[in-house]
A.B. asks: 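Can you read through this structure? Questions will come right after.
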Amino acid sequence: MNSNKNRLIEYAKELCLPALKKGIESFNTDKIFLVTDHVGYSVTLLEELLRPLWGISPLLNSEGAYAPLCVQIRQIILEGTDEKSGKCFSRFVKKGDEESFANQVITEFAGYMLAVVFAKEVLWDPYSEEEKNQVASFIKKWSVIALKYSWPNNHYWFPMLSIIALEKIGIDCSEMWEEMQKGFSVLDKMYISDGWYKDGEFGRFDYYLAWSHHVYPALWYYLSQGTNYFDEKRAQTYKARTEEFLKFYVHVFDSEGAYVPFGRSLSYRFAATAIFPAAAMLGCNIPYGMCRKLMFDNIEYFLKNSIPTEDGVLGAGYLYDSPSLVENYTSQGGAYWCSKAFLALMIEDGAPFWCDEKESYPAKLGEYLIKSPVKNINVMVENCKNSGVTMYNNTISYVQNGVFTHHFNDMGACYSKFVYNSKAGFALSASDNKSLDNMISLSTKDATMFSARTAFSDLGITDGIMVSEHIPFSNDKGSSIKTWILPLGNGFHIRAHLITLSNEYRIIEGGFSLGYFDDNNTFTANDKGACFMRADGAKSRIYTVSGTPFKYVRRNHHPGMHIMAPQSAYPAFETDVLPKGIYYFVSAFALLTDEEMPCICVENDICRIKYRDLEKTIKLR
């Protein structure tokens with residue numbers, strides 16, 4: 001067997017087998033979960049049990065050692081789909097809750113059905129015909145409801161994949177044809193261009209583009225072949241879209257394989273690389289060695305940098321077990337959608353995905369600054385040698401139709417910060433400690449309210465400078481902040497603000513945050529700016545120019561709220577309470593570099609910036 005594939009098999013065993021055993025144990029004990037899915041405890045149990053199957057299922061047929069686990073999984077599924085059983089998964093579903101339960105239970109059963117296709121001999125064939133009909137009837141019943149009342153995003157795929165998998169193993173689902181076509185129609189309307197989808201309303205862009213909107217079509221392609229649902233024209237469409245998307249997507253990974261963390265569901269970790277084997281499944285014309293290398297580097301980034309748990313099972317969090325970081329739709333076992341990356345194990349040994357030797361990817365080849373290829377998605381991605389990959393955000397937010405909906409956690413912090421970085425990460429807010437790294441805020445006089453850039457207007461990019469505007473408090477339409485962002489390279493960028501206050505407020509803005517694991521860190525401030533430095537020498541710096549008095553401060557996040565470490569801090573500037581009026585603040589921010597700060601000069605409403613050979617002018621109006 002190919003050595004690359006062997007290595008991935010070992011990773012799959014190391015990560016998925018302990019989780020699978022733990023999931024089985026949870027069904028056999030009265031386990032109390034620390035982190036639960038908001039739909040309920042039943043689907044929480046299913047998340048823990050079934051999500052590891054996304055990755056480990058291609059192996060279940062290959063070794064007899066898995067046989068006892070498969071027996072227990074079959075028994076749990078059999079009892080859970082028997083509506084007369086005291087262990088039926090839906091036994092506590094009340095009238096009015098069917099839609100929510102259907103969406104989540106079929107989300108988990110999609111993973112189970114995928115495993116059944118891969119490991120039919122051990123997960124399906126041992127059932128009697130009556131038992132097969134029982135399981136299939138349960139899946140059909142809840143798939144119909146899930147399709148009819150699907151959450152308006154990528155969730156349409158789960159009942160569709162479940163039905164296609166049933167067809168694949170010989171269960172007639174022809175009565176579902178019409179509903180399936182409606183599902184395809186809705187999903188098609190989510191496509192924008194250049195391989196980009198929206199996952200809901202415009203503005204909600206995150207890693208669901210990669211680990212859902214491109215992975216699930218590849219699974220549909222695999223599962224539907226040989227069934228009445230196969231459509232060659234649709235398959236070619238998905239193939240072309242994935243090829244287009246990858247041209248941009250490979251740039252979000254830094255030279256260590258870490259991607260820029262932003263958006264929700266980051267507890268899924270290296271699921272973000274599942275698009276690479278998915279592209280191979282679709283037969284995309286891509287550099288396979290590069291994609292394989294990105295997948296391995298990202299998996300190994302998490303293995304190397306994560307704080308291990310006592311039982312070896314991934315916790316709820318990003319680089320460590322931190323329940324405060326996860327959204328209410330995921331749970332203790334939710335992290336195991338990371339195992340989607342192990343879908344690569346489906347790919348045959350001699351395929352180019354395993355054998356192509358050209359492994360270099362963009363961040364290893366040199367520095368770059370690129371924009372999203374979609375005209376009205378103003379997002380830029382910059383790679384610098386020392387500071388990793390930075391994403392500058394002028395479009396992405398979680399505001400839907402003008403309303404901030406779905407309060408899963410601190411979605412403002414996840415989506416709406418000015419800047420995100422692969423090495424710095426970011427933090428979420430606690431109720432009394434606003435996360436202001438790479439964020440500007442107005443604070444009321446009594447400090448009971450702090451604004452955040454949750455909703456904003458994208459005013460475009462002019463001469464390489466991103467421009468946006470937002471209303472900090474929706475009940476104070478007279479106060480506004482207009483912002484200019486200028487990437488400079490080498491770990492530097494400029495943020496300039498023209499701030500109009502119609503009430504009294506303090507103004508606070510933070511730079512890059514850094515997580516840390518000991519008390520050996522320092523904060524310094526002088527007329528040349530402020531710097532937070534970690535024990536390993538990593539630095540986050542800020543230098544601010546304004547006609548308004550301010551002071552530099554160190555700000556700490558609430559423990560457990562930074563995605564990369566339990567403790568974190570960042571440099572910021574802060575004013576006293578200011579009266580009504582118009583103010584400007586122009587700051588240079590630096591990450592992981594000792595180079596001298598750019599020169600900033602503001603005269604009247606003209607801001608001039610000089611850095612190396614670059615000179616730029618921003619009109620603060």
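Basis for what follows: all heavy atoms, side chains included, without hydrogens, waters or symmetry-related copies.
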A.B. asks: Sequence neighbours left out, what passes ring pair (Phe, Tyr, Trp, His ring centres under 6.0 Å) with Phe418? Give chain and number order.
C.D. replies: His497
A.B. asks: Can you list every pair that meets salt bridge (charged side-chain N to carboxylate O under 4.0 Å, His left out) and has a residue in residues 570-598, with sequence neighbours left out?
C.D. replies: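 Passing the test, one end in residues 570-598: Lys539-Asp594, Glu595-Arg612.
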A.B. asks: By side-chain hydrogen bond (donor to acceptor under 3.5 Å, both in side chains), which residues pair with Lys616, not counting sequence neighbours?
C.D. replies: Asp463
A.B. asks: Examine the side chains of His493 and Thr390 and answer whether a donor and an acceptor come within less than 3.5 Å of each other.
C.D. replies: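 Looking only at side-chain atoms, Thr390 and His493 do not form any donor-acceptor pair under 3.5 Å.
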A.B. asks: Taking the side chain as every heavy atom from C-beta outward, state whether Ile485 and Ile494 have any atom pair closer than 4.5 Å.
C.D. replies: no
A.B. asks: Mind checking the OG1-CG spacing from Thr242 to Leu209? Nearest 0.5 Å is all I need.
C.D. replies: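 If we round to the nearest 0.5 Å, Thr242:OG1 and Leu209:CG are 10.5 Å apart.
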A.B. asks: For the aromatic rings, using the six-membered ring if either is Trp, is the centroid distance between Phe573 and Phe550 under 6.0 Å?
C.D. replies: yes
A.B. asks: Checking Asn409 side chain against Ser324 main chain: does a donor-acceptor pair fall under 3.5 Å?
C.D. replies: yes
A.B. asks: Does Lys385 NZ have over 12 foreign heavy atoms under 6.0 Å away?
C.D. replies: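 No - once you tally the heavy atoms of other residues, nucleotides and ligands closer than 6.0 Å, there are 12 at most.
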A.B. asks: Kindly say whether Val602 contributes a backbone atom to a donor-acceptor pair with the side chain of Tyr584 at under 3.5 angstrom?
C.D. replies: no
A.B. asks: Please confirm whether the backbone N or O of Gly388 pairs with a side-chain atom of Asn421, one donor and one acceptor, at under 3.5 Å?
C.D. replies: no
A.B. asks: Just checking, any donor-acceptor pair under 3.5 angstrom between side chains of Asp410 and Ser429?
C.D. replies: yes
A.B. asks: Hey, are Tyr368 and Glu382 close enough side-chain-wise for a donor-acceptor pair under 3.5 Å?
C.D. replies: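 No.
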A.B. asks: Is Ser306 reaching over with its side chain to a backbone N or O of Pro308, donor-acceptor style, under 3.5 angstrom?
C.D. replies: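 Not at all, since once roles are kept as given, no pair shorter than 3.5 Å links the two residues.
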A.B. asks: In terms of side-chain heavy atoms, does Ser502 have a donor or acceptor partner in Ser479 at a distance below 3.5 Å?
C.D. replies: yes
A.B. asks: Ring centroids only, cut at 6.0 angstrom: are Phe248 and Trp196 within range, meaning strictly under it?
C.D. replies: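 Yes; Trp196 has its ring centre under 6.0 Å from that of Phe248.
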A.B. asks: With no hydrogens and no angle check, do the side chains of Ser587 and Thr544 hold a donor and an acceptor under 3.5 Å apart?
C.D. replies: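 Side chains of Ser587 and Thr544: pair found under 3.5 Å.
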A.B. asks: Is there a side-chain contact between Met561 and Phe426, using heavy atoms and a 4.5 Å cut-off?
C.D. replies: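 When only atoms from C-beta onward are counted, Phe426 and Met561 do not touch, as no gap falls below 4.5 Å.
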A.B. asks: Measuring only between side-chain heavy atoms, which start at C-beta, is Tyr361 closer than 4.5 Å to Val250?
C.D. replies: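 Side-chain contact under 4.5 Å: no.
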A.B. asks: Centres of the Tyr611 and Phe492 rings: under 6.0 Å?
C.D. replies: yes
A.B. asks: Say whether, by atom type as modelled, one donor and one acceptor occur between the side chain of Ser322 and the main chain of Gly560 under 3.5 angstrom.
C.D. replies: yes
A.B. asks: Measure from NZ or CZ of Arg554 to the centre of the six-membered ring of Phe532 and say whether it is under 6.0 Å with the direction within 45° of the ring axis.
C.D. replies: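 No.
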A.B. asks: Taking ring pair (Phe, Tyr, Trp, His ring centres under 6.0 Å) as the test, write out the residues that go with Phe517, two or more places apart.
C.D. replies: none
A.B. asks: Using the benzene-type ring in the case of Trp, are the ring centres of Tyr208 and Phe205 under 6.0 Å apart?
C.D. replies: no
A.B. asks: Going by side-chain hydrogen bond (donor to acceptor under 3.5 Å, both in side chains), name the residues that satisfy it together with Asn393, two or more places apart in sequence or in a different chain.
C.D. replies: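 Not a single residue meets the side-chain hydrogen bond (donor to acceptor under 3.5 Å, both in side chains) criterion with Asn393.
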A.B. asks: What pairs with Asn433 under side-chain hydrogen bond (donor to acceptor under 3.5 Å, both in side chains), at least two apart in sequence or on another chain?
C.D. replies: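 Scan of Asn433 (side-chain hydrogen bond (donor to acceptor under 3.5 Å, both in side chains), adjacent residues dropped) gives none.
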A.B. asks: Is any side-chain heavy atom of Pro261 less than 4.5 Å from a side-chain heavy atom of Met564?
C.D. replies: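 The answer is yes, as the side chains (C-beta and beyond) meet within the 4.5 Å cut-off.
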A.B. asks: Nearest 0.5 angstrom please: Ser267 OG to Trp337 CH2, how far?
C.D. replies: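 The CH2 atom of Trp337 is 10.0 Å from OG of Ser267, to the nearest 0.5 Å.
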A.B. asks: Side chains of His251 and Val389, heavy atoms from C-beta outward: is any pair under 4.5 Å?
C.D. replies: no
A.B. asks: Applying the ring-ring contact (aromatic ring centres under 6.0 Å, His included) test to Phe302, which of Tyr320, Phe296, Tyr318 qualifies?
C.D. replies: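 Option passing the ring-ring contact (aromatic ring centres under 6.0 Å, His included) with Phe302: Tyr318.
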A.B. asks: Nearest 0.5 Å, please: how far is SG in Cys599 from OH in Tyr543?
C.D. replies: 7.0 Å
A.B. asks: For the residue pair Ser513 and His562, confirm or rule out a side-chain donor-acceptor distance under 3.5 Å.
C.D. replies: yes
A.B. asks: How about Tyr329 and Phe408: are their ring centroids closer than 6.0 Å?
C.D. replies: yes
A.B. asks: For His213, give me all partners under ring pair (Phe, Tyr, Trp, His ring centres under 6.0 Å), at least two apart in sequence or on another chain.
C.D. replies: Tyr197
A.B. asks: Regarding Asp297 and Lys304, does a basic nitrogen lie under 4.0 Å from an acidic carboxylate oxygen?
C.D. replies: no
A.B. asks: Looking only at atom types and distance, does a side-chain atom of Arg534 sit under 3.5 Å from a main-chain N or O of Gly515, one as donor and one as acceptor?
C.D. replies: yes
A.B. asks: Side chains of Val39 and Glu47, heavy atoms from C-beta outward: is any pair under 4.5 Å?
C.D. replies: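 Heavy-atom side-chain distance check fails, nothing below 4.5 Å.
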A.B. asks: Is Arg453 reaching over with its side chain to a backbone N or O of Ser441, donor-acceptor style, under 3.5 angstrom?
C.D. replies: no
A.B. asks: Counting only N and O atoms by type, is there a donor-acceptor contact under 3.5 Å from the side chain of Thr575 to the main-chain atoms of Ile507?
C.D. replies: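 Confirmed, Thr575 side chain pairs with Ile507 backbone.
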A.B. asks: So, for Tyr570 and His557, is the gap between ring centers shorter than 6.0 Å?
C.D. replies: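 Between Tyr570 and His557, the centre distance is under 6.0 Å.
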A.B. asks: A side-chain contact here means heavy atoms from C-beta on lying under 4.5 Å apart; do Val467 and Ile461 qualify?
C.D. replies: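 In short, these two side chains do not touch, never coming nearer than 4.5 Å.
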A.B. asks: Among Tyr420, Phe262, Phe270, which residue satisfies the ring-ring contact (aromatic ring centres under 6.0 Å, His included) criterion with Tyr207?
C.D. replies: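 Result for ring-ring contact (aromatic ring centres under 6.0 Å, His included) with Tyr207: Phe262.
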A.B. asks: Between Thr395 (side chain only) and Asn378 (backbone N and O only), is there a donor and an acceptor less than 3.5 Å apart?
C.D. replies: yes
A.B. asks: Name all residues meeting the side-chain hydrogen bond (donor to acceptor under 3.5 Å, both in side chains) criterion together with Tyr336; count only those two or more places apart in sequence or in a different chain, and write none if there are none.
C.D. replies: none
A.B. asks: I'd like to check the side-chain contact (heavy atoms from CB on, under 4.5 Å) partners of Ala271; sequence neighbours left out, ordered by chain and number.
C.D. replies: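 For Ala271 the side-chain contact (heavy atoms from CB on, under 4.5 Å) partners, ignoring immediate neighbours, are Trp211, Tyr268.
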A.B. asks: More than 12 non-hydrogen atoms from neighbouring residues, nucleotides or ligands closer than 6.0 Å to CG on Asp519, yes or no?
C.D. replies: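 Result for CG/Asp519: open.
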A.B. asks: Please determine whether a side-chain nitrogen of the Lys or Arg among Lys247 and Glu244 lies less than 4.0 Å from a carboxylate oxygen of the Asp or Glu.
C.D. replies: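 Salt bridge: yes.
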A.B. asks: Identify, with sequence neighbours excluded, every residue that meets ring pair (Phe, Tyr, Trp, His ring centres under 6.0 Å) alongside Tyr415.
C.D. replies: Tyr398
A.B. asks: With sequence neighbours excluded, what pairs up with Pro323 under the side-chain contact (heavy atoms from CB on, under 4.5 Å) test?
C.D. replies: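 Listed in chain order: Leu34, Val35, Asp321.
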A.B. asks: Not counting sequence neighbours, list each pair that qualifies as a salt bridge (charged side-chain N to carboxylate O under 4.0 Å, His left out) and has a residue in residues 430-446.
C.D. replies: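 Applying salt bridge (charged side-chain N to carboxylate O under 4.0 Å, His left out) to every pair that reaches into residues 430-446, excluding sequence neighbours, yields Lys417-Asp437, Lys445-Glu504.
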A.B. asks: Using atom types as modelled and distance alone, determine if a side-chain donor or acceptor of Asn556 lies under 3.5 Å from a backbone N or O of Gln567.
C.D. replies: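 Side chain of Asn556 to backbone of Gln567, a donor-acceptor pair under 3.5 Å: no, none is there.
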A.B. asks: Answer whether the closest heavy-atom distance between the side chains of Asn153 and Arg204 falls below 4.5 Å.
C.D. replies: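 The answer is yes; the side chains approach within 4.5 Å.
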